[in-house]
Amino acid sequence: MERVFIYWDNSNIFISAQDAAAEREGWDARPRVRIHFSSLLQLASAGRPIERAVAVGSVPPELRHVWNRLENEGVEVNLVERGAVHGREVGVDQILQTHMLRDALDHNGDPGIAVMLTGDGAGFMDGVGFHADLTRMHSKGWRIEVLSWNHSCNGRMRTWAEENGVFVPLDDYYDSITFLEPPSAGSPVAPPRWVQPLDLTSRGR
């Protein structure tokens with residue numbers, strides 16, 4: 001049976017979703033777009049049993065309730081409060097990379113399918129970062145799938161994923177994995193946009 005291990009870099013996915021929203025629906029959509037956690041998790045698993053799912057991100061404490069929804073889906077959530085890390089959220093990235101490498105060791109000889117939700121492939125030439133760790137897992141027999149937004153995915157990592165596994169462009173599922181909240185008080189009036197049903201028929205594996 002196919003066993004899926006999901007590694008979710010939420011900061012990368014969410015910030016890139018904001019850029020996609022501005023491009024598709026106008027600049028006013030950028031602050032209102034949200035990730036529909038359940039649909040994105042469904043896209044990542046593609047109907048296969050989830051052995052483990054880990055998400056990392058940095059959020060202000062008042063948004064902790066949002067992450068409770070993801071935990072209710074069975075996802076292990078690791079959070080770093082904003083201000084606790086500096087620059088590109090290196091501490092957040094390293095938390096997720098640690099989970100990846102632990103799974104690779106714990107399942108040595110019995111690899112699964114690593115589904116990576118990020119476009120961040122920095123550090124590969126130095127042997128560090130998500131791309132480098134995915135290649136390590138692949139060399140141990142793991143199958144690799146990368147889910148990312150087209151405009152923000154590291155080109156080298158995308159090409160590698162297409163040649164050695166699967167690349168799933170989140171842009172193809174934009175309306176099914178995002179929604180728009182109503183505008184805040186004092187902002188121009190705009191209608192919300194609800195999430196659309198998810199169609200997995202074209203999702204590569």
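In what follows, residues are counted from 1 in the order of the sequence shown.
Cluster annotation: I177 and F179 are assigned to distinct hydrophobic clusters (Ile/Leu/Val/Met/Phe/Trp/Tyr, side-chain heavy-atom contacts under 4.5 Å, transitive). Both L200 and W8 sit in one connected hydrophobic cluster of ILVMFWY residues. Membership requires side-chain heavy atoms under 4.5 Å apart, directly or through other members. A continuous path of ILVMFWY side-chain contacts below 4.5 Å connects I144 to L96, so both sit in one hydrophobic cluster. Both I95 and M137 are part of a single hydrophobic cluster, where members link through side-chain heavy atoms under 4.5 Å apart. One hydrophobic cluster, built from ILVMFWY side chains closer than 4.5 Å, cannot hold both V195 and L170; they sit in different ones.
Put simply, the side chain of N10 never gets that close to the backbone of G57: no donor and acceptor are under 3.5 Å apart. When atom types are taken as modelled, the side chain of R32 and the backbone of A29 share no donor-acceptor pair closer than 3.5 angstrom. The backbone N or O of V56 sits nowhere less than 3.5 Å from a side-chain atom of N78 that would complete a donor-acceptor pair. In terms of modelled atom types and a separation under 3.5 Å, the side chain of T135 and the main chain of A132 share a donor-acceptor contact. Counting only distance, with no hydrogens or angles, the side chain of R203 and the backbone of L43 share a donor-acceptor pair below 3.5 Å. Panel note: side chain S152, backbone G119; no donor-acceptor pair is recorded below 3.5 Å.
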Next on the checklist: Let's go through V168 and Y173 carefully: what are the C-alpha distance in whole Å and the side-chain angles of both, what is the deciding distance for side-chain contact (heavy atoms from CB on, under 4.5 Å) to 0.1 Å, and is it a yes or a no?
Outcome noted: CA-CA 9 Å; V168 178; Y173 303 92; 3.8 Å; yes
Item to check | Worked verdict on R48 versus V115 for side-chain contact (heavy atoms from CB on, under 4.5 Å) | outcome: CA-CA 11 Å; R48 299 163 296 186; V115 181; 4.2 Å; yes
Checklist entry - Checking side-chain hydrogen bond (donor to acceptor under 3.5 Å, both in side chains) for the pair E25/Y174: CA distance, chi angles, key distance, verdict? => result CA-CA 11 Å; E25 304 189 74; Y174 174 80; 2.5 Å; yes
Checklist entry - Between M100 and L134, does a side-chain contact (heavy atoms from CB on, under 4.5 Å) hold up when you go through it step by step? => result CA-CA 8 Å; M100 295 167 64; L134 286 174; 3.8 Å; yes
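Taking the side chain as every heavy atom from C-beta outward, E51 and D103 never approach each other to under 4.5 Å. Two residues are said to be in side-chain contact when any heavy atoms from C-beta on lie closer than 4.5 Å; P111 and R143 fail this criterion. Side-chain contact between I50 and E73 is absent, with no heavy-atom pair separated by less than 4.5 Å. No side-chain heavy atom of F5 sits under 4.5 Å from any side-chain heavy atom of H99. Two residues are said to be in side-chain contact when any heavy atoms from C-beta on lie closer than 4.5 Å; I113 and E145 meet this criterion. With contacts defined as side-chain heavy-atom distances shorter than 4.5 Å, the pair V75/F37 does not qualify. Counting only heavy atoms from C-beta outward, the side chains of D110 and R3 approach each other to under 4.5 Å. Under the 4.5 Å side-chain criterion, counting only non-hydrogen atoms from C-beta, D19 is in contact with R30.
For the residue pair T178 / R193, a side-chain donor-acceptor distance below 3.5 Å is found, with atom types taken as modelled. For the 3.5 Å distance criterion, the side chains of T201 and D199 qualify, holding a donor opposite an acceptor.
Residues I35 and A17 share a closest heavy-atom pair of CD1-CB, 3.8 Å.
Counting heavy atoms of neighbouring residues, nucleotides and ligands inside a 6.0 Å radius, atom CD of E76 exceeds 12 of them.
Taken from CZ in F130 to CG in L117, the straight-line distance is 10.5 Å, to the nearest 0.5 Å.
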